[in-house]
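Shown next, in structure tokens, is the structure this report addresses.
Each ligand, and each atom within it, is numbered from 1 in the order the structure gives.
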Amino acid sequence: MKGLMMDYSLTVTSLMRHVEAQHGGSEVYSLTVENPAHRTTYAEIFRRCAKLANALRRLGLTEGDRVATMAWNDYRHMELYYGISSMGGVLHTINPRLFPEQLQYIVNHAEDRFLFSDPLLLPLLEKLHGAFPTVEAHVLLCSREAMPDSSVPGLISYEELIEGESDSYDWPDLDENLASSLCYTSGTTGNPKGVLFSHRSTILHTYASGLADLISINSTDSVLPVVPMFHANAWGVVYSAPMAGARLVLPGPKAGDPEALVAMMNGERVSKALGVPTVWLGLLQYLEASGKKLETVTSLVVGGAACPRSMMVDFAERHGIHVYHAWGMTEMSPLGSVNAPKVTTAGLDPAARLEQQLSQGRAPYGVEMRLVDDDGDELPRDGKAVGRLQVRGPWVANRYYRAEESALEDGWFDTGDVASIDSEGFMRITDRTKDLIKSGGEWISSIELEDVAMAHPAVAEAAVIAMPHERWSERPLLIACLKEGESVDADALLAWFEGKVAKWWIPDAVQFADELPHTATGKVSKLKLRERFAAAA
Ligand code: ADP
């Protein structure tokens, strides 16, 4: 017997309607190139979404067409998020830090019809626009007055594009399974792969991500996504903060500038912020050097790469800020787990509690996890067995955009991560499959070694890679970047590992570097380190 409830589509459009009705007056603060403190409301953003949709219809956009953005986190980017998806188009967010060849591949693969770029990215656009034959019109995200001279044919300002348009639009009733947005994962090998989110997956992910044991957003929060809107939808916050009615604080091009971030966090009374560890490392160093404090932040969500122990301890002990460790990937919209305590956590002694907090946390309803060995046999959830982490759920990709084949194995998506899961459901990533170090037939966790290195007071950032070894097949090499004004020699740094990890895990050697290379999404690039150090061995 079928249930007799409404067939109500879960769409970005319906989210927009809800936010307009319930939280239209909530503020969105943005820092843009033109304006250090732009203030607007959700209601005003949605009015401008209608203008944008009218302009795109005038340009001939039809359902399913891809519209690309190369933009920072600000209100205009948010208008593109809601306006394009709600009219039936597909918002394609592009990471401008990718290599030019990757950008060319992505735009051509997606067959984007329109490209909206931030003015700061104009030099990049000037170089590349000829390589984007499918793009019919280029729009610069600024006012008519702020338009720079440019050689890009027909380049028009965003404000000019939308200014004459009506601020009402007859939003279509969309099927919830239609595509709403597209994001390519950088992929360390091969071409980038497109993850095509649906309205349904987006809304279900948004619903879950605001929950108390996930990102926990409520209407009194001021939320700062430092994580870019071009990377995995800023972890969904551009949807989940409005859904809850929270205020959004958007850092524009200043996401990598600790001084600007601290000023914004204090000035705009931010309660929660989200970003990758690299951003917080820079911010912690700035706080230490300047003696400044974060006055209103109560919690941070740290994910995208493993959160170092020293970071969690520093934030808690020196700044009274709780760090929630999160794990996910673009293919998962991106949230897979967040580390929120359980009743049983309260009974742990402080050291064991910290250990548990450092794990990547628990899967919410909507993400099923399992561990398998190399034969595909399921491993126990005992906190000890380590295997390939596989997931499934309504916001997990099943196939890449325009790929012939399914991305699944046996109905599960293989994350490429290696992990353990304990009996309480806390999952701990030990490595990426491709970053594992196999020494004498046994695995060594690079993440654990990096964590120990980064706890050393002189070390700013560290990475461990595998070096080929005649006898052991591979041995770990530590690459460390020191804090300004600090020093430690290789022997002392290696001695620091004694008693903290098994003796045979201790790296054989240390290389010091002025800085570590990062990927376009702000993670340490092991690929580049391997090219530089392992290949030279
Ligand atoms: P890319 O950065 O290549 O575009 P993603 O951002 O989707 O792709 O990266 C997802 C991967 O990042 C995960 O599979 C995992 O390896 C890593 N990752 C994400 N969060 C964490 C975390 N908290 N701890 C360790 N690794 C993480």
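- Other residues, nucleotides and ligands contribute over 12 non-hydrogen atoms within 6.0 Å of the CG atom of Asp349.
- Within ligand 1, the atoms closer than 4.0 Å to a non-hydrogen atom of Thr521 are 1 (P), 2 (O), 4 (O), numbered from 1 in the order shown.
- Tyr81 has its side chain within reach of Thr93: a pair of non-hydrogen atoms, C-beta onward, lies under 4.5 Å apart.
- Within the listing of ligand 1, atoms 22 (C), 23 (N), 24 (N) sit less than 4.0 angstrom from a heavy atom of His325.
- Heavy-atom separations between His231 and ligand 1 include at least one value shorter than 4.0 Å.
- Taking 4.0 Å as the cut-off, Ala326 counts as a neighbour of ligand 1 on heavy-atom distance.
- Between Asp417 and Arg432 there is a salt bridge, since at least one side-chain N of the basic residue sits less than 4.0 Å from a carboxylate O of the acidic one.
- Not one N or O of Glu331 is nearer than 3.5 Å to an N or O of ligand 1, by distance alone.
- Heavy-atom neighbours of Tyr207 OH from other residues, nucleotides or ligands within 6.0 Å: at or below the threshold of 12.
- Of all atoms in ligand 1, listed by their number and element, those nearer than 4.0 Å to a heavy atom of Arg432 are 13 (C), 14 (O), 15 (C), 16 (O).
- Residue contacts with ligand 1: Gly303 is placed with no nitrogen or oxygen under 3.5 Å of a nitrogen or oxygen of the ligand (distance criterion only).
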Side chain to side chain donor-acceptor pair (under 3.5 Å) between His77 and Thr69: does it pass, once the steps are laid out? CA-CA 8 Å; His77 203 177; Thr69 63; 2.9 Å; yes
Is there a side chain to side chain contact (heavy atoms under 4.5 Å, CB included) between Arg428 and Trp327? Walk through the geometry before answering. CA-CA 10 Å; Arg428 184 181 300 271; Trp327 166 85; over 6 Å; no
Hey, mind stepping through Glu474 and Ser439 against side chain to side chain donor-acceptor pair (under 3.5 Å) and telling me if it holds? CA-CA 5 Å; Glu474 284 178 348; Ser439 177; over 6 Å; no
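- Contact annotation for Ala305 and ligand 1: only backbone heavy atoms (N, CA, C, O) come within less than 4.0 Å of the ligand.
- Residue Gln360 has at least one N or O atom closer than 3.5 Å to an N or O atom of ligand 1.
- Close to ligand 1: Asp417, with a non-hydrogen atom less than 4.0 angstrom away.
- Ligand 1 is never approached by Gly416 to a heavy-atom distance shorter than 4.0 Å.
- Under the 4.0 angstrom criterion for non-hydrogen atoms, Pro334 is not in contact with ligand 1.
- Annotation for ligand 1: atoms under 4.0 Å from non-hydrogen atoms of Gly304 are 12 (O), 17 (C), 18 (N), 19 (C), 20 (N), 21 (C), 27 (C).
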